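All remarks here apply to the structure that follows.
All values reported here derive from a predicted model rather than from experimental measurement. A note on names: the letters A, B, ... follow the listed sequences, proteins ahead of strands, and every chain is numbered from 1.
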Amino acid sequence: MIDLKALRENPARFALGAKAKGVSVDIERLLQLDEQKRQITMEREKLRSEQNRLSKDAGPQIGKLQGQLKGAHGEAREQIEKQLEELKLAPARMKAAIQELEAKEQQLEPAIRDLLLQVPLPPDGDVPVGQGSEGNVEVKRWNPPPSSALPHGFDTGKSFEQNKGFAGKGHIELLAALGLADFERGVKLAGSRSYVLRGAGMRLHQAVLQYAFNYMIDKHGFTPMSVPTIVREETMVGTGFFPAGREQAYHVEETKRGGGYDLFLTGTGEVGLMGVHSDEILDEAQLPLKYVTVSTCYRREAGAAGKDTAGLYRIHQFDKVEQVVICKASEAESRAWHKQMIGYVEELLQSMEIPYRLLQCCTGDLGVKNADMIDIESWMPGRNAYGETHSASRLYDFQCRRLNMRYRAGGDAGKGETTFCHSLNNTVLASPRFLIPLLEVHQQADGSVRVPEVLRPYMGGVARIG
RNA sequence: GGAGAGGUGGCCGAGCGGCUGAAGGCGGCGGUUUGCUAAACCGUUAUACUUAUUUCGGUAGGUAUCGGGGGUUCGAAUCCCCCCCUCUCCGCCA
């Protein structure tokens with residue numbers, strides 16, 4: 001959520017930002033409604049203030065008279081009753097007027113909130129302008145140098161055969177040949193875009209996840225977390241996935257069964273990690289919070305019908321190691337963390353000798369909550385193309401404002417202003433999608449797949465699949 | 001699933017129709033004292049929205065907030081209704 005005050009002061013900035021992102025939202029109307037509401041609120045508060053004053057003046061008298069009333073009879077009683085009536089008259093009249101204004105406010109509120117939630121965070125000035133993914137800009141490319149695993153290195157500018165001396169297979173073919181996955185039975189169980197991993201396939205899946213998870217904890221000091229993957233609507237709204245991404249989430253309709261609220265399956269561990277400290281005021285000294293989780297992710301893939309239907313690329317359920325950083329409200333710090341979080345992933349990919357590139361996403365590809373986003377794409381020989389495996393976002397206070405996550409300057413419950421935190425997130429590793437580059441790049445001429453050395457401890461020492 | 005008890009400021013905890021934005025304690029901050037540390041004492045210490053003013057750091061005012069939402073009342077932390085959450089006991093259970 002953006003700051004409504006900032007919007008009032010500089011509507012053009014947000015209008016341009018929305019335009020650059022290709023998001024249509026009626027900012028003009030939002031400002032009008034906000035202005036209306038504030039007028040009404042001011043009036044109401046004025047009345048209320050007056051009422052409070054009257055009440056304070058008349059209150060003790062009323063109390064006294066009511067006490068006298070108990071022992072009074074006849075004419076004296078009538079006298080007191082009359083006085084009471086008079087005393088109550090003025091504040092009672094105000095009450096009606098106040099309630100009327102309150103009703104008006106309550107009419108305006110949902111509309112304002114709906115619109116406000118839709119206003120995207122404007123992209124940073126240095127983000128290239130573009131319509132969609134075709135406007136993204138490659139900023140870096142890394143190819144593995146020669147090594148024992150890849151004697152000639154791997155150059156994504158050349159064909160697979162030129163690199164490795166034989167014609168490679170795609171991951172679907174490899175999975176089938178090595179008995180690592182079973183798509184038919186997956187579909188039988190759970191419908192399209194479902195799969196079963198088996199044997200070394202499942203083991204490799206777990207190995208990359210564990211490797212990546214431990215890597216963030218042991219090498220970079222992230223705090224390991226397990227967080228809910230089935231959450232309340234407030235958490236989805238707070239983390240910025242709703243309302244815009246509502247169609248992407250599986251919806252568990254508990255209210256239909258008599259429950260008090262519905263639940264939603266999360267499409268990323270980010271939701272749980274960011275939700276942990278919602279409605280909290282953290283101490284400045286606690287920051288930055290560096291969290292990593294590994295969790296199952298559920299995505300409806302609505303609107304992706306017909307896209308990437310085969311294989312492990314676009315599936316409804318997968319597992320992901322996700323990192324988030326919650327830091328102080330500082331653009332410089334936010335930018336520095338972004339670089340670091342990307343750096344961790346680069347290191348990780350390099351350790352597994354997977355060619356990758358960094359893409360600076362353009363304005364049209366950012367989504368409502370990001371000021372800046374870098375996608376990391378791994379080389380997928382079967383597609384003869386890079387495919388997105390990671391996405392690193394910088395959100396400033398957009399998410400923390402929605403989540404009401406603040407910190408107090410000056411350390412342990414000390415004095416100081418409260419400020420919304422800044423947040424960032426990045427994939428560490430998502431599997432089984434990541435098995436695509438892993439299997440395809442490391443396949444051998446004999447049809448087997450070499451397991452990168454760093455993964456072997458997680459595979460019971462296995463060096464080769466098949 | 002059944003039966004009970006509760007949710008009050010950063011934390012603990014009192015209040016159970018007006019004198020309460022809220023006692024007391026802890027913690028934090030400032031000060032006094034003091035070889036140092038500690039202790040003692042004094043002061044101070046919620047958040048959001050909003051208005052006016054401003055030498056843009058403030059200053060003065062208003063409204064709201066005692067889990068959330070509604071209601072009763074001239075007036076609600078306090079009474080009533082709905083919801084959410086926590087705890088205890090029983091049942092079921094990976």
Provide, to the nearest angstrom, the distance between the [atom1] atom belonging to [X] and the [atom2] atom belonging to [N].
{"X": "A/Glu234", "N": "B/C85", "atom1": "CD", "atom2": "C1'", "result": "12 Å"}
{"X": "A/Leu116", "N": "B/C49", "atom1": "CG", "atom2": "C1'", "result": "14 Å"}
{"X": "A/Phe420", "N": "B/U47", "atom1": "CZ", "atom2": "C1'", "result": "11 Å"}
{"X": "A/Lys82", "N": "B/C74", "atom1": "NZ", "atom2": "C1'", "result": "19 Å"}
{"X": "A/Leu4", "N": "B/A48", "atom1": "CG", "atom2": "P", "result": "15 Å"}
{"X": "A/Glu280", "N": "B/U47", "atom1": "CD", "atom2": "P", "result": "16 Å"}
{"X": "A/Lys5", "N": "B/C56", "atom1": "NZ", "atom2": "C1'", "result": "15 Å"}
{"X": "A/Ile40", "N": "B/U51", "atom1": "CD1", "atom2": "P", "result": "14 Å"}

Can you name the atoms? Protein N/O to nucleotides 58-67 of chain B N/O, anything below 3.5 Å, with the distance.
unit_1, atom_1, unit_2, atom_2, d
B/G62, O3', A/Ser49, OG, 3.2
B/G62, N2, A/Glu45, OE1, 3.2
B/U63, OP1, A/Asn52, ND2, 3.2
B/U63, O2', A/Arg44, NH2, 3.3
B/A64, OP1, A/Arg48, NE, 2.5
B/A64, OP1, A/Arg48, NH2, 3.2

Would you tell me if any nitrogen or oxygen in the side chain of [X] comes within less than 4.0 Å of OP1 or OP2 on [N]?
{"X": "A/Lys37", "N": "B/C49", "answer": "no"}
{"X": "A/Arg232", "N": "B/C84", "answer": "no"}
{"X": "A/Thr418", "N": "B/A48", "answer": "yes"}
{"X": "A/Arg38", "N": "B/U51", "answer": "yes"}
{"X": "A/Gln51", "N": "B/G75", "answer": "yes"}

Are the side chains of [X] and [Y] in touch, meaning some heavy atoms are under 4.5 Å apart?
{"X": "A/Val325", "Y": "A/Phe222", "answer": "yes"}
{"X": "A/Asp372", "Y": "A/Gln360", "answer": "yes"}
{"X": "A/Ser423", "Y": "A/Val324", "answer": "no"}
{"X": "A/Lys82", "Y": "A/Glu85", "answer": "no"}
{"X": "A/Asp182", "Y": "A/Glu184", "answer": "yes"}
{"X": "A/Leu117", "Y": "A/Arg113", "answer": "yes"}
{"X": "A/Ser351", "Y": "A/Tyr215", "answer": "no"}

Protein-nucleotides 68-73 of chain B N/O pairs under 3.5 Å:
unit_1, atom_1, unit_2, atom_2, d
B/G70, OP1, A/Gln106, NE2, 3.2

If you measure from the [atom1] atom in [N] to the same atom in [M], how many Å do you get, rounded?
{"N": "B/A77", "M": "B/C19", "atom1": "P", "answer": "9 Å"}
{"N": "B/G9", "M": "B/C93", "atom1": "C1'", "answer": "40 Å"}
{"N": "B/C81", "M": "B/C92", "atom1": "C1'", "answer": "32 Å"}
{"N": "B/C74", "M": "B/G13", "atom1": "C1'", "answer": "33 Å"}
{"N": "B/G10", "M": "B/C89", "atom1": "P", "answer": "31 Å"}
{"N": "B/G43", "M": "B/C84", "atom1": "C1'", "answer": "41 Å"}
{"N": "B/U59", "M": "B/G69", "atom1": "P", "answer": "30 Å"}
{"N": "B/C79", "M": "B/G6", "atom1": "P", "answer": "12 Å"}

* **Passing candidate, ring-ring contact (aromatic ring centres under 6.0 Å, His included) with A/His220, options A/Trp337, A/Tyr344, A/Phe213** =>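 It is A/Tyr344, the one option of A/Trp337, A/Tyr344, A/Phe213 that forms the ring-ring contact (aromatic ring centres under 6.0 Å, His included) with A/His220.
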* Asked: Is the closest basic N to carboxylate O distance between A/Glu43 and A/Lys46 below 4.0 Å?
  ->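 No, A/Glu43 and A/Lys46 are not salt-bridged.
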* Counterpart residues, side chain to side chain donor-acceptor pair (under 3.5 Å), relative to A/Asp319 (two or more places apart) ->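 Once residues adjacent in sequence are excluded, the partners of A/Asp319 under the side chain to side chain donor-acceptor pair (under 3.5 Å) criterion are A/His205, A/Thr296.
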* Asked: Using 30° and 60° as the class limits, which term best fits the ring planes of A/His277 and A/Tyr291: parallel, tilted or perpendicular?
  ->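 If you compare the ring of A/His277 with that of A/Tyr291, the planes turn out parallel.
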* Asked: What residues form a ring pair (Phe, Tyr, Trp, His ring centres under 6.0 Å) with A/Tyr396, not counting sequence neighbours?
  ->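 For A/Tyr396 the ring pair (Phe, Tyr, Trp, His ring centres under 6.0 Å) partners, ignoring immediate neighbours, are A/His422.
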* To do: For A/Arg406 and for A/Arg8, find the nucleotide of RNA chain B with the closest heavy atom, then tell me which residue's nucleotide is more 5'.
  =>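 First, find each residue's nearest nucleotide; the 5'-ward one identifies A/Arg406.
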* Asked: So what does A/Met42 hit on the nucleic acid, given a heavy-atom distance under 4.0 Å: a base, only sugar-phosphate, or nothing?
  ->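 Here A/Met42 touches the backbone only, sparing every base.
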* Asked: Using Watson-Crick pairs (N1 to N3, plus N6-O4 or O6-N4) and G-U wobble pairs, both distances under 3.5 Å, which stems of at least 3 pairs involve RNA chain B?
  ->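 The stems that RNA chain B takes part in, listed by first number, are B:1-7 with B:84-90, B:10-12 with B:24-26, B:27-32 with B:40-45, B:46-53 with B:58-65, B:67-71 with B:79-83.
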Extract all donor-acceptor atom pairs below 3.5 Å that involve side chains of residues 451-463 of chain A and protein atoms in other chains or at least two apart in sequence.
unit_1, atom_1, unit_2, atom_2, d
A/Arg456, NE, A/Val451, O, 2.9
A/Arg456, NH2, A/Val451, O, 2.9
A/Tyr458, OH, A/Asn214, ND2, 3.1

